[in-house]
Novice: 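Quick one: this structure, given as structure tokens, is what I'll be asking you about.
Everything quoted here is computed from the prediction, not taken from an experiment.
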Amino acid sequence: MEKFKLTEQDRATLQYKVTNKLRELILKGEFKMGERLMQEEWAQKLGVSRMPLREALRQLEVEGLVRIEPRRGAVVTPISVEDIEEIYQLRALLEGQAVVKSLPYLGNEEIQELEDLYHAMIKLKADENDVEVFMKLNSEFHRILRESCPWRRIQGFIETLWKGIPPYTPSLLSNHLEDSHEEHRLMLEYVKQKDEIQLRRITEKHILRTKENLIEMMRKE
């Protein structure tokens, strides 16, 4: 039981830490499909109250890693390698198209926002304290890239796919942070150049590389 305990320092961002801990355990195969996550038991194992645990389970339900059922509570529904393949392949196709359709409408204001986000990301360290910040900045960067796409349906499809993707885990992020920075730099450069061919290419490459890294991590575990 001690191995699951969170330290006092971890509790500074309690809900995030609990969510991240449970997400990593699910992705590592610590639970069987359909296994119940008992709130009282896991609150004790992690050394937290039931409130942050309850909020963490709600977030994991949004990500598709658990299902909250009446009278049963949270039931584990881990994402498989096949799920990751499907989600990221679709994301690459749809976001590659969306950024191309969005490109003509990205003006100086949007370019400056992308520049600011890029510089904020490269200042972050590859440690757990900065992971949540990176995730938010990364999500905003991609949102700005595609938000001017006039195709409403493709926007809806992409939003649905983002909700079904497990966010970066610290181990995955720390190993590939430099790659992400370089890809974001190139995206920004191609936006400035209005080069839709290269922007589509690097966007798709960025998403598919993340897919391969996540699958590699899951298979190792």
Side-chain angles (χ1 to χ4, degrees), residues 1-81 83-84 87-88 91 117 120-121 123-144 156 158-177 180 210 213-214 217-218 220-221:
M1 185 176 291
E2 289 296 320
K3 69 177 180 177
F4 297 115
K5 288 259 186 187
L6 296 174
T7 66
E8 288 298 325
Q9 183 180 2
D10 287 333
R11 293 171 190 169
T13 52
L14 200 51
Q15 181 188 330
Y16 167 71
K17 301 291 185 180
V18 173
T19 305
N20 189 63
K21 176 69 74 173
L22 290 176
R23 182 191 297 117
E24 288 202 39
L25 290 173
I26 292 171
L27 290 175
K28 289 176 179 178
E30 294 283 345
F31 304 100
K32 297 177 182 177
M33 172 71 78
E35 184 174 343
R36 292 175 64 193
L37 272 171
M38 306 296 292
Q39 288 190 25
E40 186 173 341
E41 176 188 353
W42 276 95
Q44 185 179 4
K45 284 182 177 181
L46 297 173
V48 299
S49 68
R50 293 178 66 175
M51 181 61 72
L53 187 70
R54 190 177 301 118
E55 293 302 316
L57 291 174
R58 288 174 182 164
Q59 175 60 35
L60 293 174
E61 183 178 37
V62 171
E63 296 173 17
L65 292 174
V66 303
R67 183 177 63 254
I68 298 177
E69 299 179 349
R71 296 183 297 278
R72 289 198 69 200
V75 177
V76 177
T77 56
I79 287 179
S80 66
V81 168
D83 291 327
I84 296 297
I87 291 168
Y88 277 84
R91 258 196 70 197
L117 287 165
M121 283 189 283
K123 290 178 182 177
L124 298 174
K125 299 176 183 177
D127 60 37
E128 193 166 0
N129 291 328
D130 279 352
V131 170
E132 185 177 21
V133 178
F134 179 89
M135 286 165 55
K136 290 177 179 177
L137 295 174
N138 176 68
S139 177
E140 182 66 8
F141 187 93
H142 284 272
R143 183 191 66 78
I144 292 171
I158 292 169
E159 288 299 322
T160 299
L161 291 170
W162 268 80
K163 291 177 182 177
I165 299 171
Y168 286 103
T169 61
S171 58
L172 177 63
L173 179 62
S174 61
N175 291 335
H176 303 282
L177 195 59
S180 289
T210 304
N213 293 339
L214 183 54
M217 184 196 74
M218 291 173 70
K220 282 182 179 179
E221 300 297 346

Novice: Has the side chain of Glu61 got a donor or acceptor atom that lies under 3.5 Å from a matching backbone atom of Ile68?
Specialist: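 Indeed, once roles are kept as given, a pair shorter than 3.5 Å links the two residues.
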Novice: Please walk me through it: do Leu37 and Leu53 pass side-chain contact (heavy atoms from CB on, under 4.5 Å)?
Specialist: CA-CA 10 Å; Leu37 272 171; Leu53 187 70; over 6 Å; no
Novice: Test side-chain contact (heavy atoms from CB on, under 4.5 Å) on Ile26 and Val66; report intermediate values, then the result.
Specialist: CA-CA 9 Å; Ile26 292 171; Val66 303; 3.9 Å; yes
Novice: For Glu140, enumerate each residue passing the side chain to side chain donor-acceptor pair (under 3.5 Å) test, keeping only those at least two apart in sequence or located in another chain.
Specialist: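 For Glu140, the residues satisfying side chain to side chain donor-acceptor pair (under 3.5 Å) (neighbours in sequence not counted) are Arg143.
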Novice: If I take atom CG from residue Leu124 and atom CE from residue Met135, how far apart are they, to the nearest 0.5 angstrom?
Specialist: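 Here the interatomic distance stands at 12.5 Å.
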Novice: So, taking the atom named CD in Glu41 and the one named CG in Leu46, what distance separates them when rounded to the nearest 0.5 Å?
Specialist: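 Result: 10.0 Å between the selected atoms.
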Novice: Can you name the side-chain contact (heavy atoms from CB on, under 4.5 Å) partners of Arg54, sequence neighbours left out?
Specialist: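 By the side-chain contact (heavy atoms from CB on, under 4.5 Å) rule, Arg54 matches Gln39, Arg50, Met51, Arg58.
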Novice: Would you please say whether a donor-acceptor pair under 3.5 Å links the side chains of Asp83 and Ser80?
Specialist: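 A pair is found: one side chain offers a donor N or O, the other an acceptor, under 3.5 Å apart.
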Novice: Could you tell me whether the side chain of Thr19 and the main chain of Leu60 form a donor-acceptor pair under 3.5 Å?
Specialist: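 Checked: no pair found.
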Novice: Which residues pass the salt bridge (charged side-chain N to carboxylate O under 4.0 Å, His left out) test with Glu69, sequence neighbours left out?
Specialist: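 So Glu69 forms a salt bridge (charged side-chain N to carboxylate O under 4.0 Å, His left out) with Arg67, Arg72.
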Novice: Ser139: what forms a side chain to side chain donor-acceptor pair (under 3.5 Å) with it, not counting sequence neighbours?
Specialist: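 Per chain and number, Ser139 pairs via side chain to side chain donor-acceptor pair (under 3.5 Å) with no residue.
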Novice: Looking only at non-hydrogen atoms, find the nearest pair between Val76 and Lys32 and report the distance.
Specialist: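 In this case the closest contact between Val76 and Lys32 is CB-O, 3.9 Å.
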Novice: Which is it for Trp162 and Arg91 under the side-chain contact (heavy atoms from CB on, under 4.5 Å) test, yes or no, and what are the steps along the way?
Specialist: CA-CA 8 Å; Trp162 268 80; Arg91 258 196 70 197; 3.4 Å; yes
Novice: Determine whether Leu57 and Leu22 make a side-chain contact, defined as any pair of heavy atoms from C-beta on separated by less than 4.5 Å.
Specialist: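 Yes, at least one pair of side-chain atoms sits under 4.5 Å.
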Novice: Taking all heavy atoms of Pro52 and all of Val18, pick out the closest pair and write down the distance.
Specialist: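 Smallest heavy-atom distance, with atoms named: O-CG1, 4.2 Å.
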